[in-house]
Every structure is written in structure tokens, then in C-alpha cells.
Amino acid sequence: MAVELAPELLEILACPHCHGALAVDHEAEELVCLAADCGLAYPVRSGIPVLLVDEARRPDQKPTPTTSAD
């Protein structure tokens, strides 16, 4: 399932860790920080970005498969 977020939302969202810009990774269903020194990937669950550093995946970790409960 592809991540569908309004372009206006993506313009104002920022990485909570470093305040860098975020980009959508449709394949992994994540928002990925574009800052070179950060790169955290935040999950998008049921169309809602989970912008919690504790929930983020480090760039060197593989994405975990998600199961949808909808």
C-alpha cells in the first residue's frame, strides 16, 4: 500500500530529531529524513505518520514488515 500524504503536509513536516526535511519512501511505507547526518525513517501507519524518535528506524536497520489492522 502506497503512502498517500498531501503535498502541503509534507512541506511543513520535519524530522523531530534534527528538524530536517522528510521524503516519502513508498516501498517501505516510511518518511525518511533527508539530512545526511540523521537519516531516521519514521513509519506511516494507516496513513498517519508516526513522528516519534523512539519509533524511528536507523538508516542501517532493515525495515520491518507491518501488518495492517484496517
Side-chain angles (χ1 to χ4, degrees):
M1 180 163 100
V3 174
E4 297 294 330
L5 296 174
E8 299 85 10
L9 180 60
L10 282 175
E11 286 180 24
I12 61 171
L13 288 179
C15 174
H17 179 69
C18 74
H19 307 288
L22 296 170
V24 177
D25 180 341
H26 291 283
E27 199 171 294
E29 297 184 6
E30 297 174 326
L31 291 178
V32 179
C33 180
L34 298 176
D37 58 340
C38 182
L40 289 176
Y42 300 90
V44 177
R45 296 186 186 125
S46 299
I48 301 170
V50 181
L51 297 177
L52 300 171
V53 175
D54 290 346
E55 295 280 329
R57 178 179 63 79
R58 296 259 169 226
D60 55 348
Q61 294 175 326
K62 293 184 179 181
T64 56
T66 59
T67 56
S68 180
D70 4 354

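Numbering of residues begins at 1 and proceeds along the displayed sequence.
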Closest contact, heavy atoms only, Gly47 versus Leu5
O-CD2, 3.7 Å
Any idea which heavy atoms bring Pro43 and Glu55 closest together, and the distance?
CD-O, 3.6 Å
Who else is in the cluster with Val50 when I, L, V, M, F, W and Y are joined by side-chain contacts under 4.5 Å?
Leu52
If we only count heavy atoms from C-beta on, is the Val32 to Leu22 side-chain gap below 4.5 Å?
no
Using the side chain to side chain contact (heavy atoms under 4.5 Å, CB included) rule, take Leu31 and Asp25 through it: C-alpha gap first, then chi angles, then the decisive distance, then the call.
CA-CA 6 Å; Leu31 291 178; Asp25 180 341; over 6 Å; no
Measuring only between side-chain heavy atoms, which start at C-beta, is Arg58 closer than 4.5 Å to Leu40?
yes
Treating Ile, Leu, Val, Met, Phe, Trp and Tyr as nodes and any side-chain heavy-atom pair under 4.5 angstrom as an edge, say whether Val44 and Val53 lie in one connected cluster.
yes
Can you give me the closest heavy-atom contact between Gly20 and Cys33, atom names plus distance?
CA-SG, 4.3 Å
Review item, side-chain donor-acceptor pairs of residues 7-14, under 3.5 Å, at least two apart:
none

